[in-house]
Amino acid sequence: MVVPDTPESVAAVLTAGNWVARGNGRAYGDAALNPAGVVSTARLSHFLAFDDVAGVLTCEAGVLLGDITDALLPRGWFAKVTPGTRFVSVGGMIASDVHGKNHHGAGSFGDCLQWVDLVLPDGRLLRASREVEPELFAATCGGMGLTGVIVRAAFGLQRVESSRIRQRTLRAADLESALAIFEAEQHATYSVAWIDGLATGARLGRSVVHLGEHARADELPAGAAPFARKQVRRPGVPVDFPALALSWPTVKAFNEAVYRLSATGERLVDLDPYFYPLDAVPGWNRIYGKRGFVQYQCVLPLAESAVGLRRLLTAIAASGGASFLAVLKRMGPESFGMLSFPMEGYTLAMDFPATPSNLTLLARLDVITAEHGGRVYLSKDACTSAAAVARGYPRLEAFREVRRRFGLAGRIESMMSRRLEL
Ligand SMILES: Cc1cc2nc3c(=O)[nH]c(=O)nc-3n(C[C@H](O)[C@H](O)[C@H](O)COP(=O)(O)OP(=O)(O)OC[C@H]3O[C@@H](n4cnc5c(N)ncnc54)[C@H](O)[C@@H]3O)c2cc1C
């Protein structure tokens, strides 16, 4: 792995060999891996400019979302789109065209992106935006690092009045009730449901739905500092958990407790635990033990969501694959990125211990997803097939054509791009 510290040194690296960019390594699978060569953006970590009137940040691609929040939240600015961890780089957010709990209203990261500066394998530094090199721009947003190394970007932030979220929590007894809540609450800025992936029968899809709004200054307790933040760090996971800890009865009991004990109603919560619950648990991934885990995240078109989700959840519960709570989310219109994941409908995301039977289950889930016109999220994927991706991403051929046109095919590659023939 090389760790260049200027765009010029990235260009010098790329002129020979076969490379992929790596941000902060938070993608779940093999997207940022390439045995032939990895270009880390860890040292491209400078803020370059901030327009405090328009809320537009220009920075290098290795800047982490958490650093942006730490620097600009006290000045009243927050990301327009944030994934579920602050430990992601700007380049990673662009390459995955990440979505947040507000996708139904705000779209994905590409929607707040103004331009990117890319280094190509021939050493060129090219700016791409909606106006300049629009096809390269559309291939880059969600393009999994396969259009060159993003070295700089400019994107908009949103104004907020505090570091708190006004959270409203509702319980849904089954899948239909959960979907009905999402549809009725489309005006909510943020919405997400924790769904019990082990519930069956009449309780299939039972969920706890969290809605959220940025709290206004006048909604805070008297005397509260508007941008104060509590950095809660729970004890880490010191050793790899034994498999027994994640057995079916343990997870079932855990899911039951979350469903029963979640306090419904409205309350003010801190922004960090609201958006980034796992960030407070160092080494959370070790809970799955030495064998590790895989995540499955798919999205189904709106018209197919109710039936398709029922089939997915039935297959998951029947497998006894013992997964902690899953996440369900309503997505808004499809993004412009050629390989962007979001489409209007519902996305389901769930972790599974990486056992042979769960890997078989994932192949079954791929079939159900495809039969309902859905697609798998590449950033979370480690297992899907080239055929499933070709079916789920109709603009893949246009993406490949951009790769050929800019001399990227064969020069910028990852283990994922080879596995999935991207
Ligand atoms: C706990 C957790 C929660 C998450 N929640 C969400 C969520 O809610 N929504 C969501 O959309 N995603 C979510 N993700 C996924 C995560 O946002 C993406 O995988 C993101 O791309 C990771 O950024 P990174 O900097 O770690 O990139 P990496 O993991 O290092 O790389 C990911 C991809 O981006 C490419 N890339 C990185 N930097 C550059 C660059 N400078 N130029 C070109 N390509 C580059 C890589 O080649 C690779 O293909 C979550 C991940 C975790 C671990």
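We count ligands from 1, going down the list as the structure has it; atoms in each ligand are counted the same way. Predicted model, so just to flag it, every value in this text is computed and none were measured.
Short contacts between ligand 1 and Ala61, defined as distances under 4.0 Å to a heavy atom of the residue, involve ligand atoms 41 (N). Atoms of ligand 1 found under 4.0 Å from any heavy atom of Val20, numbered from 1 in the order shown, are 47 (O). Using a 4.0 Å cut-off to heavy atoms of Ala31, the atoms of ligand 1 that qualify are 47 (O), 48 (C), 49 (O). Taking every heavy atom of Ala21 and a limit of under 4.0 angstrom, the matching atoms of ligand 1 come to 39 (C), 40 (C), 42 (N), 43 (C), 44 (N), 45 (C), 46 (C), 47 (O). Heavy-atom proximity to Val149, at under 4.0 Å, picks out these atoms of ligand 1: 42 (N). When each atom of ligand 1 is checked for a heavy atom of Thr41 under 4.0 Å away, the hits are 41 (N).
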Worked verdict on Tyr296 versus Asp351 for side chain to side chain donor-acceptor pair (under 3.5 Å)
CA-CA 6 Å; Tyr296 191 79; Asp351 292 342; over 6 Å; no
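Taking any N or O of Met93, backbone or side chain, none lies under 3.5 Å from an N or O belonging to ligand 1. For ligand 1, the polar-atom distance check finds an N/O of Gly84 within less than 3.5 Å of one of the ligand's N/O atoms. In terms of N/O distances under 3.5 Å, ligand 1 is approached by His99. The shortest N/O to N/O separation between Gly100 and ligand 1 does not fall below 3.5 Å. Checked by distance only, ligand 1 and Val88 stay at 3.5 Å or farther apart across all their nitrogen or oxygen atoms. Checking only distances, Gly92 does come within under 3.5 Å of ligand 1, N or O to N or O. By the 3.5 Å distance cut-off applied to N or O atoms, Arg26 is counted among the residues near ligand 1.
The distance from the CG atom of Leu422 to the CE atom of Met416 is 7.0 Å, given to the nearest 0.5 Å. Rounding to the nearest 0.5 angstrom, the gap separating the CD atom in Glu131 from the CD atom in Gln114 is 9.0 Å.
For atom 25 (O) of ligand 1, the closest non-hydrogen atom on the protein side is Ser89 OG, 2.6 Å. The protein heavy-atom contact nearest to atom 24 (P) of ligand 1 is Asn24 N, 3.4 Å. Closest to atom 21 (O) of ligand 1 among all protein heavy atoms lies Ser96 OG, 2.7 Å. The shortest contact between atom 32 (C) of ligand 1 and any protein heavy atom is with Ala27 CB, 3.7 Å. Remark: minimum distance from atom 17 (O) of ligand 1 to any protein heavy atom is reached at Val98 CG1, 3.4 Å. For atom 41 (N) of ligand 1, the closest heavy atom belonging to the protein is Ile150 O, 2.9 Å. Scanning all protein heavy atoms for the shortest distance to atom 35 (C) of ligand 1 gives Ala95 CB, 3.4 Å. In this structure, the protein non-hydrogen atom closest to atom 12 (N) of ligand 1 is Tyr377 OH, 3.5 Å.
Aromatic ring pairs are classed by plane angle as parallel below 30°, tilted from 30° to 60° and perpendicular above 60°; the pair Trp284 and Tyr28 is tilted.
Taking only non-hydrogen atoms, the option from Glu413, Lys380, Met144 nearest to atom 49 (O) of ligand 1 is Met144. Here atom 44 (N) of ligand 1 lies nearest to Gly145 when heavy atoms of Gly91, Gly145, Gly142 are compared.
Taking a cutoff of 4.0 Å between a charged side-chain nitrogen and a carboxylate oxygen, Arg375 and Glu334 qualify as a salt bridge. Of the charged side-chain nitrogens involved, at least one lies within less than 4.0 Å of a carboxylate oxygen, so that Arg229 and Asp70 count as a salt-bridged pair. Note on Glu133 versus Arg127: no salt bridge recorded, every NZ/NE/NH1/NH2 to OD/OE distance being 4.0 Å or above. Ion pair Asp196/Arg206 flagged as a salt bridge, since at least one NZ, NE, NH1 or NH2 atom sits closer than 4.0 Å to an Asp/Glu carboxylate oxygen. The pair Glu176-Arg310 meets the salt-bridge criterion, since a charged nitrogen lies less than 4.0 angstrom from a carboxylate oxygen. Salt bridge annotation for Glu60-Arg43: absent, with no cationic side-chain nitrogen under 4.0 angstrom from a carboxylate oxygen. A salt bridge links Arg404 with Glu397: the closest approach of a Lys/Arg side-chain nitrogen to an acidic carboxylate oxygen falls below 4.0 angstrom.
Other residues, nucleotides and ligands contribute over 12 non-hydrogen atoms within 6.0 Å of the CZ atom of Arg419.
Residue contacts with ligand 1 do not include Ser108, since none of its heavy atoms lies under 4.0 Å from the ligand. Between Tyr28 and ligand 1 there is a heavy-atom distance shorter than 4.0 Å. The closest approach between any non-hydrogen atom of Ser414 and ligand 1 is not below 4.0 Å.
Formation of a donor-acceptor pair under 3.5 Å by the Asp5 side chain with backbone atoms of Leu44 is not found in this model.
Both tests do not hold together for Lys80 against Phe109: distance to the six-membered ring centre under 6.0 Å, angle to the ring axis within 45°. With a 6.0 Å cutoff to the six-membered ring centre and a 45° limit on the axis angle, Arg411 does not count as a cation-pi contact of Trp19.
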